[in-house]
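All remarks here apply to the structure that follows.
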Amino acid sequence: MRYSARRSLDRVFKYVFKVTGLLVLLLLGAILAMLIYNSVAFFVDVRPLDFITGLEWNPTGDNPKYGILPLVLSTTLVTVGAMLIAIPLGIGTAAFIAEYARPGLKNILKPTVEMLAAIPSVVIGFLGIVVVGPGIAHAADLANGLNALNGAILLAIMALPTIITVAEDAIHAVPKTYKEASYGVGATKWQTLRKIVIPAAAPGIIAAVMLGVGRAIGETMTVLMATGNASLLPTGMFASVKTMTATIAIEMGEVPYQTTHYFALYAIATVLFIMTLAANMLGEYFINRFRKYHAA
């Protein structure tokens, strides 16, 4: 191929990739604009402060209440609980696969973990109803196991494949010279992993954790089936809760079009979008800090 033809082809693909990148930004901006537009229509009738700090969500009552604080706290409780389970288990599994597992075992574990991500969320939710929930109820002597702990366990299971896969890739990508230098001064494998490999892979591990957080916050069907859907202030992990995603999924199909209740669901979606964006920005901040640390 002649030089001019190669240059022309490079120029064409440069613009193609540029357009695709701009389309992604445009799509994200359009989604945000739609959420904000419908949220503004809601805030014409309800004050933002009452919406954020209100303690009761009852939009179909004689005196409708649109307080989403119980929903926000429930979502946060379930997500934090899931991450407390998934982060140590996921990073530990990733470290084992990358550093300790024999090739034969590694070839079995990696596809198995990746297959776990292919299980539909409705199946995970069903397991929560028939297996995890009754187990929690029996162990804690509760009337039923549909509570925040049940949702946290199931969300942890769903977040694990993402955390393990991305974290394992980050650990595996650490240059061998780092480990060889550590072994050369007499460090054990555990000391090398803890003080050299994991700090060096920290940006990738943080990215894995943030992807897991995003999966947990945005999950709908599992928490809808397994958490009890009680729109009350959560009193603990054994309390039934109702998350923001479950609220939208349950009520959007039945709410009258363009009513205050209808626009309230868009306002919930906007708050959820902001929470997810804030989590991603926080993760990006720490990733950049670790990158600067390694560069120094």
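Pro234 pairs in a side chain to side chain contact (heavy atoms under 4.5 Å, CB included) with only one of the listed residues (Thr227, Leu73, Leu71, Val78), which is Leu73.
Rounding to the nearest 0.5 Å places CD1 of Ile68 at 12.0 Å from CG of Leu55. A distance of 13.5 Å separates CG of Asp45 from NE2 of His261, quoted to the nearest 0.5 Å. Considering OG1 of Thr222 and CD1 of Ile153, their distance stands at 13.0 Å, rounded to 0.5 Å. Expressed to the nearest 0.5 Å, how far CG of Leu32 lies from CG of Leu27 amounts to 11.5 Å. Atoms OH and OG1, from Tyr15 and Thr20 in turn, are 14.0 Å apart once rounded to the nearest 0.5 Å. For the atom pair CZ of Arg102 and CG of Asn107, the computed distance is 13.5 Å after rounding to the nearest 0.5 Å.
Remark: the backbone N or O of Leu224 is paired with a side-chain donor or acceptor of Asn229 at under 3.5 angstrom. Remark: the backbone N or O of Gly218 is not paired with any side-chain donor or acceptor of Thr245 at under 3.5 angstrom. Distance alone, capped at 3.5 Å, is enough to place a donor-acceptor pair between the Glu219 side chain and the Met221 backbone.
Ile36 and Met244 fall within the same hydrophobic cluster, defined by Ile, Leu, Val, Met, Phe, Trp and Tyr side-chain heavy atoms under 4.5 Å apart, directly or through other members. Hydrophobic clustering (ILVMFWY, side-chain heavy atoms < 4.5 Å, transitive): Met252 and Ile250 are in distinct clusters. Taking hydrophobic clusters as Ile, Leu, Val, Met, Phe, Trp and Tyr residues chained together by side-chain heavy-atom distances below 4.5 Å, Val72 shares a cluster with Tyr266. Hydrophobic clustering of Ile, Leu, Val, Met, Phe, Trp and Tyr side chains at less than 4.5 Å, counting indirect connections, keeps Ile87 apart from Leu84. In the hydrophobic clustering of this structure, Trp57 does not group with Leu233; members are Ile, Leu, Val, Met, Phe, Trp, Tyr whose side-chain heavy atoms approach within less than 4.5 Å, directly or through other members.
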(message) Would Leu154 and Met158 count as a side-chain contact (heavy atoms from CB on, under 4.5 Å) here? Give the steps.
(response) CA-CA 6 Å; Leu154 299 179; Met158 299 186 69; 5.6 Å; no
(request) Would you please test Ile205 and Ile171 for side-chain contact (heavy atoms from CB on, under 4.5 Å) and show each step? (result) CA-CA 8 Å; Ile205 292 174; Ile171 293 172; 4.3 Å; yes
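Proximity of Ile268 to Phe51: side-chain heavy atoms (C-beta onward) are separated by under 4.5 Å at one or more points. Proximity of Ile52 to Val271: side-chain heavy atoms (C-beta onward) are separated by under 4.5 Å at one or more points. Side-chain contact check for Gln258 versus Phe263: some heavy-atom pair is nearer than 4.5 Å. With a 4.5 Å cut-off on side-chain heavy atoms, Val197 and Tyr178 do not count as touching.
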Side-chain donor-acceptor pairs of residues 108-120 under 3.5 Å, sequence neighbours excluded:
unit_1: Lys110; atom_1: NZ; unit_2: Glu168; atom_2: OE1; d: 3.1
unit_1: Thr112; atom_1: OG1; unit_2: Ile108; atom_2: O; d: 2.7

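Around atom CZ of Phe273, more than 12 heavy atoms belonging to other residues, nucleotides or ligands sit under 6.0 Å away. Heavy atoms of other residues, nucleotides or ligands lying less than 6.0 angstrom from NZ of Lys189 number more than 12.
Residue pairs meeting the side-chain hydrogen bond (donor to acceptor under 3.5 Å, both in side chains) criterion with at least one member in residues 71-100, sequence neighbours excluded: Glu99-Lys179. The ring pair (Phe, Tyr, Trp, His ring centres under 6.0 Å) contacts involving residues 230-259 comprise Tyr257-Tyr262, where partners must be two or more places apart or lie in separate chains.
Relative ring orientation between Phe42 and Tyr66 is described as perpendicular, the plane-to-plane angle rising above 60° on a 0-90° scale split at 30° and 60°.
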